[in-house]
Amino acid sequence: GEEVNIDKASAASTNAPLAPADWTMEVEVEGGQFTAVVKRARTVMCRVSVAGIEDEATARAKLADKARVWIHDYLTRGGL
């Protein structure tokens, strides 16, 4: 998959918090499940998944929202 900035990937969503520019995600599809590999400066930080969604654009938006929440929590906890 293509590695994209998380906010660019979720342009349809205005949900806060926004992700810093050095965070990206790459979406993988396997058996009806969409998984975003979330990276910071090319280092894998986590994976988030959604299932039961047929449309890839909708899945990307939901994954981006989940990723942004995870990133916000990570940075708030003092993650460097």
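Residue indices begin at 1 and follow the sequence shown. Just so it is clear, the values below take in all heavy atoms, side chains as well, and ignore hydrogens, waters and symmetry mates.
Remark: K39 NZ is packed, more than 12 non-hydrogen atoms of other residues, nucleotides or ligands lying under 6.0 Å away.
By the salt bridge (charged side-chain N to carboxylate O under 4.0 Å, His left out) test, D22 is found to be paired with R40, residues two or more places apart in sequence or in another chain being considered. Annotation: salt bridge (charged side-chain N to carboxylate O under 4.0 Å, His left out) contacts of K66 (sequence neighbours excluded): none.
Cluster membership for V38 and L75, using ILVMFWY side-chain heavy atoms within less than 4.5 angstrom, is shared.
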Show me the side-chain donor-acceptor pairs of residues 43-54 shorter than 3.5 Å, one per line, residues at least two apart or across chains.
{"from": "S49", "atom 1": "OG", "to": "Q33", "atom 2": "NE2", "distance (Å)": "3.2"}
{"from": "S49", "atom 1": "OG", "to": "T35", "atom 2": "OG1", "distance (Å)": "3.0"}

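Atoms CG and OG1, from L63 and T58 in turn, are 10.5 Å apart once rounded to the nearest 0.5 Å. With values rounded to the nearest 0.5 angstrom, R68 atom CZ is found 9.5 Å from M25 atom CE.
Considering all non-hydrogen atoms of both residues, I71 and P20 come closest at CG2-CD, 4.1 Å.
Applying the ring-ring contact (aromatic ring centres under 6.0 Å, His included) definition to pairs two or more places apart or across chains, none involves residues 27-65.
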